[in-house]
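These notes are about the structure you will find just below.
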Amino acid sequence: MEFAYSHIVYNSQNTSSPNCRNREREQWHDGPASIPDSVENQTYSSTNFRPPPIQARGSVHQYDNRFLKSSLDVNNCLYATVPKSSHTGSRAKLPIPPARIRKSMTRDDEDSQAPPLPPRPNSLTTRQLSATLPGTLNSHPQVPPPRPKRAIRAPKNSSSPKSKKANINVVSVNLGKLVDISGERAQTVKAIYCQKCSAALSSVSRIHQKYADIIWPCEFCNMHNVVTRSFSTIPNSQDVTYLSGSVDEDYMNVDDSLVVFCVDISGSMCATNEIEVADEGSRTVHISRLQSVQEAILRSLNHITQTSPQKRVALVTFNDEVTIYGDGMGEPAKLSDYQLLDSDYLKTRGSEYPVPRCVAESLHALNYRVHGMREQGATALGPAALVSVAIASKKPGSKVIICTDGRANTGLGYLESVEEDVYKCSREFYNNVGEQATLNGVIVSVLTIEGTDCRLAELGKLADQTGGRVNIVDPVNLPKEIQATLEDDVIATDATVTFVVPEQMYFGYEEEAGNKFVKQVGNVTKDTELTFEFGIKESHIQTLQEIKKLPFQLQVSFTTQDNRQACRVISQEKHITNNSSLVEDSVNITVLGIHAAQLSGRLTMEGRVKEACREVEAQKELIQRIVEKKNNQEEEDIYQNWLRSVAVVCEDLTNSEEAENTTKAKNETENSDSVFKVLSDEVANVVYRLKNAKSKMLKKPVPKPKPTLVPML
């Protein structure tokens with residue numbers, strides 16, 4: 001669990017609002033003890049009064065939204081300096097009642113002239129004031145209070161309703177590292193959870209004993225829980241792993257998972273590409289799309305045999321019918337016509353097909369089947385994907401790799417219709433296939449051929465739900481891309497992430513109104529990352545100003561590779577501040593960049609293109625300002641990589657939105673799915689990659705592929 005900032009920043013959404021102006025008299029963020037000496041001890045001239053300089057007054061950031069703190073309330077009054085006394089030769093401090101200053105600070109009309117000087121005190125006020133001062137001052141003529149300074153306003157552009165301000169309260173979770181508990185000391189007892197908010201008892205909890213019971217006031221919701229265990233069982237570490245169940249006796253630490261190649265052999269796969277061959281004589285050859293796929297699969301089979309001979313490989317092809325070859329050593333099963341419209345029948349045929357033998361035994365048979373593939377017919381992609389997932393579901397941690405070059409145009413998952421009912425049914429079909437794969441620990445990756453239109457926005461849901469890859473591949477790079485897909489091993493299944501914050505906080509862009517956010521992740525690979533955005537409710541800001549630290553807790557529940565139930569609980573406390581500029585040097589721009597990428601991709605997939613663009617622009621301004629201030633070349637490279645990655649959100653998606661609006665003008669029903677109909681495969685590919693962005697995407701520049709190839713078939 002990695003936070004973007006070292007502190008939690010509490011802000012108002014509009015620094016020029018009346019509520020914010022009324023809070024100008026609040027304490028400094030670290031309490032009265034941290035008031036600088038320069039503020040507490042400074043004296044001022046009675047004739048030329050100026051308030052002390054406000055900290056970071058010259059660097060008001062739009063994203064900051066911080067309260068503009070004033071020193072006008074220090075010790076409940078200010079002091080004006082009285083001229084030298086003829087008797088003492090020194091200056092004395094004259095207290096100025098804060099009520100007068102408070103009154104001037106809460107004026108509604110900030111743009112008007114400063115309020116006039118208050119009337120001179122009468123004789124009664126003079127006598128009362130003289131009684132409170134040293135005797136040496138009684139003979140001195142009275143000094144009128146100074147003219148108060150107008151309240152400071154935020155920049156005009158920061159209060160504009162159209163201006164989006166970046167939320168810097170972001171946390172990143174690397175699930176790939178958290179589910180790896182091989183080096184962790186696990187607890188065999190169960191965790192103790194709060195009865196109200198389900199937070200787990202941790203080392204940051206404050207407990208006490210009452211008679212024979214241990215009382216735990218939950219730090220998140222203040223619920224008083226009675227703990228029946230002894231003090232010795234209370235966690236003493238911020239990171240605790242709970243592991244239940246015993247190791248399955250039949251479990252062997254070998255990789256016998258399944259890899260199912262689901263290959264398009266429709267007529268369009270005979271299209272050729274001119275490719276330069278890297279050999280002694282420079283020449284070009286024409287290679288069909290199917291030949292490129294065949295070569296890539298053959299290389300992958302040889303690599304799997306050498307590195308993981310216990311892994312099982314199956315082959316499924318589809319055109320106007322679906323052919324199940326399995327490990328290639330038996331008679332293939334063919335599905336066609338009405339069978340391609342019955343999802344229950346397809347699942348049954350796939351689940352009943354014999355489990356493939358390990359690749360060490362089936363290599364030659366699979367090579368023969370791959371060489372024998374020929375292009376013809378239509379594209380029954382949907383039924384083939386369903387059958388492939390059913391076959392892979394027999395072994396948790398298995399993979400399905402779909403290679404195609406066109407839209408599904410026959411059977412279930414039909415994607416060529418423009419009718420709304422057919423479109424909704426097709427989208428629902430791919431959602432259901434993705435859910436089935438997730439529940440059974442199967443990763444589905446979708447690879448399409450460059451220059452084709454496969455409706456990747458809908459088809460990519462299979463990969464998005466299961467943690468797989470979505471990519472448009474040049475035929476030259478197919479072997480490399482398939483190899484990278486094979487390396488995305490599932491290291492945990494059935495994963496659920498719970499993030500708990502204090503009840504005074506909320507989660508941004510989440511429907512849940514409570515202080516607990518639960519996300520079903522499913523499959524976890526070594527690079528799986530999540531980000532959360534949170535903030536403090538406006539009504540609780542004043543309450544939290546008196547708190548120096550806030551608790552946070554992350555709970556990750558998952559199933560290990562040896563089929564055991566595990567839960568990892570990480571609890572932390574973070575300092576709170578109202579001024580983000582004080583902690584800018586500790587900001588992690590990688591966390592901010594990944595969050596902006598994932599959020600913009602997610603909003604786009606939900607059809608909220610304008611919000612996605614505003615998020616990107618807000619984070620761009622924030623990250624750029626921080627990078628310029630820190631002047632770090634490594635972070636500058638990260639920022640540039642991030643800009644290249646999210647450029648599509650504000651460029652191509654704007655064009656997509658305009659096309660969407662044009663479609664709506666033709667009396668089409670308006671709904672959140674309509675954005676998918678106008679997303680090209682190239683835009684959908686980038687958006688899916690943003691939605692599942694990873695840290696390594698920003699830390700390394702992605703080199704452009706070079707069109708080189710060794711001789712093909």
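The basis for the numbers below is simple: all heavy atoms, side chains too, and nothing from hydrogens, waters or symmetry mates.
Residues Val500 and Ser198 are not in side-chain contact: their nearest non-hydrogen atoms beyond the backbone lie 4.5 Å or more apart. In this structure, Val497 and Leu554 have side chains that are in contact, with non-hydrogen atoms separated by less than 4.5 Å. Side-chain contact between Val442 and Lys399 is absent, with no heavy-atom pair separated by less than 4.5 Å. Annotation: side chain of Val322 is not in contact with side chain of Lys334 (no heavy-atom distance under 4.5 Å). Between Ile265 and Glu375 there is no side-chain heavy-atom pair separated by less than 4.5 Å. Val591 is not listed as a side-chain neighbour of Val171, based on a closest heavy-atom distance of 4.5 Å or more. Side-chain atoms of Arg427 and Lys461, non-hydrogen and from C-beta on, do get closer than 4.5 Å to each other. Residues Thr560 and Thr493 have side chains not in contact (no heavy-atom distance under 4.5 Å, counting atoms from C-beta outward).
At most 12 non-hydrogen atoms from other residues, nucleotides or ligands lie less than 6.0 angstrom from NZ of Lys620. Shown here is Gln483, whose CD atom has more than 12 heavy atoms of other residues, nucleotides or ligands within 6.0 Å.
A donor-acceptor distance shorter than 3.5 angstrom exists from the side chain of Arg455 to the backbone of Leu415, with no hydrogens or angles considered. The backbone N or O of Val683 sits less than 3.5 Å from a side-chain atom of Ser680, completing a donor-acceptor pair. Side-chain N or O atoms of Asp489 include none that pairs as donor or acceptor with a backbone N or O of Ile491 at under 3.5 Å. Not one N or O on the side chain of Ser288 forms a donor-acceptor pair closer than 3.5 Å with the backbone of Cys270. With hydrogens and angles disregarded, no donor-acceptor distance shorter than 3.5 Å links the side chain of Asp327 to the backbone of Ala314. Between the Ser308 side chain and the Ile304 main chain, no donor and acceptor come within less than 3.5 Å of each other. Using modelled atom types, one side-chain atom of Asn167 and one backbone atom of Asn169 make a donor-acceptor pair closer than 3.5 Å. At distances below 3.5 Å, at least one donor-acceptor pair connects side-chain atoms of Asn515 with backbone N or O atoms of Val501. Between the side chain of Asn692 and the main chain of Tyr688, a donor-acceptor pair closer than 3.5 Å is present. The closest donor-acceptor contact from the side chain of Asn440 to the backbone of Gln436 lies under 3.5 Å.
In this structure, Thr485 and Ser445 approach most closely via the heavy-atom pair CG2-OG, 3.2 Å. Here the closest non-hydrogen pair linking Asn273 and Pro475 is ND2-CG, 3.4 Å. Residue Cys567 comes nearest to Tyr193 through the heavy atom pair SG-OH, 3.7 Å, listed as atom of the first residue, atom of the second, then distance. The heavy-atom pair separating Gly434 from Leu462 by the smallest distance is N-CD2, 3.7 Å. The shortest heavy-atom contact between Ala200 and Val569 is CB-CG1, 4.0 Å. Of all the heavy atoms in Ile482 and Cys403, the pair that sits closest is CD1-SG, 4.3 Å.
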The test is salt bridge (Lys or Arg N to Asp or Glu O under 4.0 Å); show your working for Arg614 and Glu611 and say whether it passes. CA-CA 5 Å; Arg614 284 197 295 265; Glu611 292 182 61; 5.0 Å; no
Chi angles and distances behind the side chain to side chain contact (heavy atoms under 4.5 Å, CB included) call for Leu346, Asp342: CA-CA 6 Å; Leu346 292 171; Asp342 190 340; 5.7 Å; no
Please step through side-chain hydrogen bond (donor to acceptor under 3.5 Å, both in side chains) for the pair Ser426 and Glu458, ending with a clear verdict. CA-CA 8 Å; Ser426 297; Glu458 295 85 357; over 6 Å; no
Report the C-alpha distance between Asn471 and Glu481 in whole Å, list the side-chain angles of each, state the deciding distance to 0.1 Å, and finish with yes or no for side-chain hydrogen bond (donor to acceptor under 3.5 Å, both in side chains). CA-CA 9 Å; Asn471 206 358; Glu481 188 64 28; 3.3 Å; yes
Run the salt bridge (Lys or Arg N to Asp or Glu O under 4.0 Å) check on Glu606 and Arg602 step by step: do they pass? CA-CA 6 Å; Glu606 295 175 358; Arg602 169 189 159 187; 3.3 Å; yes
Applying salt bridge (Lys or Arg N to Asp or Glu O under 4.0 Å) to Glu416 and Arg407, what does each step give before you reach the verdict? CA-CA 7 Å; Glu416 285 201 337; Arg407 300 183 182 183; 5.5 Å; no
Ile570 and Gln553: side chain to side chain contact (heavy atoms under 4.5 Å, CB included), yes or no, with the steps? CA-CA 6 Å; Ile570 300 177; Gln553 187 173 98; over 6 Å; no
List the steps, then state whether side chain to side chain contact (heavy atoms under 4.5 Å, CB included) holds for Val422 with Tyr414. CA-CA 8 Å; Val422 177; Tyr414 189 81; 4.2 Å; yes
Start with the C-alpha gap between Gln294 and Arg299, add the side-chain angles, then the distance that decides, and say whether side chain to side chain contact (heavy atoms under 4.5 Å, CB included) holds. CA-CA 9 Å; Gln294 287 174 309; Arg299 291 189 190 181; over 6 Å; no
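A donor and an acceptor atom, one from each side chain of Lys311 and Ser257, are located under 3.5 Å apart. Residues Glu615 and Tyr509 bring a donor and an acceptor atom of their side chains to less than 3.5 Å of each other. No hydrogens or angles considered: nothing links the side chains of Gln565 and Tyr242 as a donor-acceptor pair under 3.5 Å. Looking only at atom types and distance, the side chain of Thr531 has a donor-acceptor partner in the side chain of Gln598 under 3.5 Å away.
Paired with Thr323 under the rule side chain to side chain contact (heavy atoms under 4.5 Å, CB included), one option of Leu315, Thr317, Val316, Val263 passes, and it is Thr317. Just one of Val473, Asn477, Val470, Ile472 meets the side chain to side chain contact (heavy atoms under 4.5 Å, CB included) condition when paired with Leu447; it is Val473. Residue Thr496 is tested with Gln520, Lys519, Gln555 for a side chain to side chain contact (heavy atoms under 4.5 Å, CB included); the sole match is Gln520. Exactly one residue among Asp405, Thr404, Thr452 makes a side chain to side chain donor-acceptor pair (under 3.5 Å) with Arg289. That residue is Asp405.
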For residues 378-393, which side-chain N or O atoms pair as donor and acceptor with protein atoms under 3.5 Å away, sequence neighbours left out?
residue, atom, partner, partner atom, Å
Thr379, OG1, Ser266, OG, 3.4
Ser388, OG, Ala384, O, 2.8
Ser393, OG, Val389, O, 2.6

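Taking the ring centroids of Phe517 and Phe507, they lie under the 6.0 Å cut-off.
When the ring-ring contact (aromatic ring centres under 6.0 Å, His included) test is applied to Phe534, the partners found at least two apart in sequence or on another chain are Phe552. In this structure, Tyr325 has no ring-ring contact (aromatic ring centres under 6.0 Å, His included) partners at least two apart in sequence or on a different chain.
Salt bridge annotation for Arg469-Asp488: present, with a cationic side-chain nitrogen under 4.0 angstrom from a carboxylate oxygen. We find that Glu428 and Lys424 are not joined by a salt bridge, their nearest charged nitrogen and carboxylate oxygen being 4.0 Å or further apart.
Once rounded to the nearest 0.5 Å, the distance linking CG of Asp180 with CD of Gln561 reads 9.0 Å.
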